Amino acid sequence: NPISTFVGHRFFVTMHGVREGLVDPTTDEQIFFTVGGDELNDKFIIPKEATTSKTRCKDRYPVCKKEAARGECTNNPGWMIVNCCQSCEEKEGYGHLIDSEV
């Protein structure tokens, strides 16, 4: 199915019902796709072995380190601890507050 996008757009996909991006199970690195010069014919193939991370305290978004450095772990802890746990753990030591059921 075609998606509405633009050249240079970088995105990730999630497993149905899970807000966390898919990772390469051998490296635990999140899988990203970037739209090339032919956005109408680019194909984005999710590797069969892609899965969600087994790491409990992980950053879900690329902006996490920057937001943590700006003080958002303290200013906006509800969102940051859930979505940027790793960066908040490094910056403020808040990783123990993560609820793995969220």
Side-chain angles (χ1 to χ4, degrees):
N1 293 339
I3 58 175
S4 179
T5 189
F6 55 90
V7 173
H9 179 204
R10 185 171 184 243
F11 64 96
F12 62 91
V13 295
T14 63
M15 188 174 292
H16 181 72
V18 179
R19 292 187 57 214
E20 187 175 342
L22 297 177
V23 300
D24 177 332
T26 60
T27 63
D28 203 40
E29 292 294 319
Q30 192 168 1
I31 298 169
F32 286 93
F33 299 98
T34 303
V35 177
D38 188 2
E39 66 270 18
L40 295 177
N41 292 308
D42 278 344
K43 294 192 185 315
F44 305 102
I45 300 170
I46 301 168
K48 287 182 183 178
E49 65 276 0
T51 186
T52 55
S53 177
K54 303 296 182 239
T55 303
R56 192 172 87 92
C57 184
K58 188 169 182 73
D59 286 348
R60 292 180 174 176
Y61 299 99
V63 300
C64 288
K65 287 202 183 302
K66 182 171 30 167
E67 293 300 301
R70 286 185 340 118
E72 289 303 304
C73 297
T74 302
N75 296 335
N76 189 9
W79 191 88
M80 288 294 291
I81 292 168
V82 170
N83 294 293
C84 298
C85 180
Q86 183 178 1
S87 291
C88 286
E89 172 62 20
E90 292 169 7
K91 180 78 174 144
E92 306 288 346
Y94 292 167
H96 67 281
L97 299 173
I98 189 70
D99 180 351
S100 59
E101 300 302 313
V102 174

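All residue numbers in this chain count up from 1 along the given sequence. All values derive from a computational prediction rather than experimental measurement.
- Using cut-offs of 30° and 60° for the angle between ring planes, the H9 and F11 rings count as tilted.
- When every heavy atom of T51 is checked against every heavy atom of P25, the shortest pair comes out as CG2-CB, 4.0 Å.
- Remark: E67 engages R70 in a salt bridge (Lys or Arg N to Asp or Glu O under 4.0 Å) (not counting sequence neighbours).
- Side-chain contact between E92 and T74 is present, with heavy atoms from C-beta onward closer than 4.5 Å.
- Remark: D28 engages K58 in a salt bridge (Lys or Arg N to Asp or Glu O under 4.0 Å) (not counting sequence neighbours).
- Scanning both residues, A68 and S87, for their nearest heavy atoms gives CB-CB, 3.7 Å.
- Within the structure, the salt bridge (charged side-chain N to carboxylate O under 4.0 Å, His left out) test picks out no pair touching residues 77-86 (sequence neighbours left out).
- The side-chain hydrogen bond (donor to acceptor under 3.5 Å, both in side chains) test applied to T27 returns no partner, not counting sequence neighbours.
- Residues meeting the side-chain hydrogen bond (donor to acceptor under 3.5 Å, both in side chains) test with K65, sequence neighbours left out: E90.
- In terms of hydrophobic clustering, with Ile, Leu, Val, Met, Phe, Trp and Tyr side chains grouped at heavy-atom distances under 4.5 Å, F12 and V63 are assigned to a common cluster.
- Taking CZ of R60 as the reference point, atom SG of C85 lies at 9.5 Å (rounded to 0.5 Å).
- Residues I45 and F33 are not in side-chain contact: their nearest non-hydrogen atoms beyond the backbone lie 4.5 Å or more apart.
- Between V23 and E29 there is no side-chain heavy-atom pair separated by less than 4.5 Å.
- Panel note: side chain D42, backbone G36; a donor-acceptor pair is recorded below 3.5 Å.
- Considering only heavy atoms from C-beta on, V13 comes within 4.5 Å of I46 through its side chain.
- With 2.5 angstrom as the limit on SG-SG distance, C73 and C84 do not come in below it.
- In terms of heavy-atom proximity, E89 sits nearest to C57 at CB-SG, 4.2 Å.
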Donor-acceptor pairs are to be reported for all side-chain atoms of residues 75-82 against protein atoms at under 3.5 Å, with residues two or more places apart or in another chain.
| residue | atom | partner | partner atom | Å |
| --- | --- | --- | --- | --- |
| N75 | ND2 | G71 | O | 3.3 |
| N75 | ND2 | E72 | OE2 | 3.4 |

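- No side-chain donor-acceptor contact under 3.5 Å links D59 to the backbone of Y61.
- The cluster map of Ile, Leu, Val, Met, Phe, Trp and Tyr, joined by side-chain heavy atoms under 4.5 Å apart, puts F44 and I31 in the same cluster.
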